[in-house]
Amino acid sequence: MGMMDLLYRTYEYAYEAEDAQLMENYLMSQTTATAPILLWLNERGEFADAGYIPDKEKQKISIPCTEKSAGRSGKNPVPHPLFDKLLYLAGDGKEYGIDNEKAHSTYMENMEAWCRSEWGNGYVKIIFSYLNKNTLLQDLEGKGVLDFSQPKDLEKRLNECVRIGIRGEMQSDVELWKEKSIREDFGHYLNSQQEETGLCYISGEKGALSKNHPKAIWNLNANAKLISANEKDNRGFVFSGRFETSDQAVQVSYETSQKVHNALKWLIQKQGKIIGDKMLVAWGTGGSDLKGVLNDTDDFFSEEDEGDKNRIADTQREFSQRLEAAVLRQEQDLRHNEKIGFLVLEAATPGRLSVSYYQEFAPVQYSQLIGNVRRWHETHGWDYGRFDADKKVWIRNIKSPSIFSVARFAEGVERGGKIDADKKVEGNTIVRLIPCVVEGKALPGDIVRKLLLKAYYPLHYSEANWSRLLKITCSMIRTNFKEVGTMDVNRDSIDIPYNYGRWLACAHEIERRALWNAGEKRETSAMRLFTKYAEHPAKYMSIIQHKIQIYEMRLGDRAFWLQRERDKISAKLNENSLEEVVGARHLDGRMILGFQSQMEAFRNKENNKKDAGGEENEYIDE
């Protein structure tokens, strides 16, 4: 019950703080509905005007609901008490050949019971008086809201919700879907109708028990419920274990159910994030939005002062300093929350909402959580620099990638210049990555292998996407190879796969510069043979060397510093035995690290100046 208890407490905190969005749309006995049909009545219960709201963003309103109507489904859905589909409100359906007599009579019986109760609201009585005249469809047709000559359009309109307002003669108009007195009177009326009571397993208090819990928690899966039982329908066909009834498994009071579900709806609407086919919510009881810890490090720095925001973490020392400050700032923010939780929901079936992941942290665990987040960002930091076209320099930006980018590149393929992944597979991968950040668990090996395998195929991607894939791959594998897993190129290492990768970067850079100077844009030999080179480096080194000779001649003196770098790398390879160098096969992630770190070295302006001896050999970015 940890998740339910946290949601319950979250609702209580938000209610006490009088959160505007929660107070307007997510109070008890309320649900959201799309209501584009607008009906205006006068104070005497007579038709005044009608219209249609085409803007979908303005169609949603909060409406009163009962326990049964909030979770209605099946062939005979229970009507809402006031605002509902036109099919329920129209009493003249028979005159137009519409079979809605049962739906309308049930709706009117419920409204009449409310009007006759101690809590009967004056506005509701005006609506009841008008609907008793059975002229709704006729009035809407007269205002052009309905067109009975268009059957398909009519069927759509009948299943759309109607909002009702009162046109004031001596005072301003009243939009009843915002009227506070209606909400309060309906709440009192509903409480007076509750019968069965019992112990709530969440709050620990006795109260009226809920049998039909709300749906429409997450709009993409509107019919899916978080708590449900249908033992009456399936008894005799489905094994139900040791329980005879649903109450033996769990009992939740109506009040608690409303608060839990409305808190979840509010959080999803306010700060939920769709991840593949799932919904992620990371929150604290004090209203904190914590999903930022799962984003890249730049998001961590977003709370800095304006002057600091414009700074780029261009050294590992500066990155560590800024990360330290961001972590301390985040930890201070967490202290305002009694508890925090990370929740992932998935609609396993059209009618069931399952919890794919949940983890909560108490205040005594906040330091542990922040420590885990810090280690993730430190461990997987890499240079995600960019070329500044105005200043003509390459700007370093050290950060850790978001788990959403990691999952997208691990599971996706490039289509139309974008990385596209199956939503379910991508969502499952993100769920597996969340514990790596917040719980400090090890990175799943299969995800790392997928990234590494894809990195060996540059021709499957555009240049920008492959560059992004390489950086993410380096971020994820650098801890597996500590000696060569540094962002700055390690010129002292004699590691064979690492230096094979560095050598290939030199060959690629020589040909790339020559092609750019000639105004040609095509793949270099290093890129075309990248996959083969990784499988049999010694063989394809000689092939690539032969192919780039002409480009070395084109560059002339401008190729000397690149040739010197390549010769130094060859010398490092030769410090190993000939058998090891020639016999190397199927190079691992060290080759990717060597290639990428060497390319980053070429992009570093100061190193280029020092090695090249002049401005003219600075890094060229197309």
State whether a side-chain donor-acceptor pair under 3.5 Å links [X] with [Y].
X	Y	value
Arg502	Asn499	yes
Ser475	Tyr384	yes
Ser597	Glu600	no
Thr10	Trp283	yes
Glu535	Tyr540	no
Thr34	Gln59	no
Glu360	Tyr358	yes
Glu439	Gln368	no
Arg585	His536	yes
Asn372	Lys441	no

Is the shortest side-chain N to carboxylate O distance from [X] to [Y] below 4.0 Å?
X	Y	value
Arg491	Glu565	yes
Arg432	Asp446	yes
Glu523	Lys547	no
Asp588	Arg590	yes
Lys572	Glu575	yes
Glu552	Arg566	yes
Glu426	Lys278	no

Checking the side chain of [X] only, and the main-chain atoms of [Y] only, is there a donor and an acceptor separated by less than 3.5 Å?
X	Y	value
Glu511	Ser525	yes
Asn465	Ser462	no
Ser354	Ser356	no
Ser542	Lys539	yes
Arg478	Gly381	yes
Tyr456	Leu587	yes
Thr297	Ser400	yes
Asn397	Asp383	no
Ser405	Pro401	no

Holding to ring-ring contact (aromatic ring centres under 6.0 Å, His included), I want the full list of residues that pass it with Trp466, two or more places apart in sequence or in another chain.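 For Trp466, the residues satisfying ring-ring contact (aromatic ring centres under 6.0 Å, His included) (neighbours in sequence not counted) are Phe530, Phe595.
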
Closest approach of [X] and [Y], non-hydrogen atoms and distance?
X	Y	result
Val581	Ile496	N-CD1, 4.1 Å
Glu414	His460	CB-O, 3.9 Å
Glu346	Asp277	OE2-OD2, 3.6 Å
Ile592	Ala455	CD1-CB, 4.1 Å
Trp503	Gln545	CZ2-OE1, 3.5 Å
Lys454	Ala410	CE-O, 2.8 Å

query = Got Tyr533 and Met591 here, is their nearest side-chain heavy-atom distance under 4.5 Å?
reply =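 A side-chain contact exists here, since the closest heavy-atom pair is under 4.5 Å.
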
| query | Is the count of non-hydrogen atoms from other residues, nucleotides or ligands lying under 6.0 Å from Ile550 atom CD1 greater than 12? | reply |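 For Ile550, atom CD1 is not crowded (no more than 12 foreign heavy atoms under 6.0 Å).
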
Within a reach of under 6.0 Å around CD of Glu579, are more than 12 heavy atoms found that belong to other residues, nucleotides or ligands?
->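 No, the 6.0 Å shell around CD holds no more than 12 heavy atoms from other groups.
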
Report task. Using the side-chain contact (heavy atoms from CB on, under 4.5 Å) rule, take Val344 and Val355 through it: C-alpha gap first, then chi angles, then the decisive distance, then the call. Result -> CA-CA 6 Å; Val344 178; Val355 178; over 6 Å; no

Rounded to the nearest 0.5 Å, what's the gap from [atom1] on [X] to [atom2] on [Y]? Could you check?
X	Y	atom1	atom2	result
His508	Met527	NE2	CE	4.5 Å
Ser402	Lys291	OG	NZ	12.5 Å
Leu443	Asn480	CG	CG	8.0 Å

Hey, mind stepping through Val413 and Ile419 against side-chain contact (heavy atoms from CB on, under 4.5 Å) and telling me if it holds? CA-CA 5 Å; Val413 296; Ile419 303 299; over 6 Å; no

Does Tyr26 have Lys265 sitting over its ring (NZ/CZ under 6.0 Å from centre, angle to axis within 45°)?
->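 No - Lys265 does not lie over the ring of Tyr26 by the 6.0 Å and 45° rule.
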
- Cys506/Phe602 under side-chain contact (heavy atoms from CB on, under 4.5 Å): CA gap, chis, key distance, verdict: CA-CA 9 Å; Cys506 290; Phe602 292 145; 3.8 Å; yes

Worksheet item: Would Lys521 and Glu463 count as a side-chain contact (heavy atoms from CB on, under 4.5 Å) if you check the C-alpha gap in whole Å, the side-chain angles of each, and the deciding distance to 0.1 Å?
Response: CA-CA 12 Å; Lys521 188 171 179 63; Glu463 184 178 350; 4.2 Å; yes

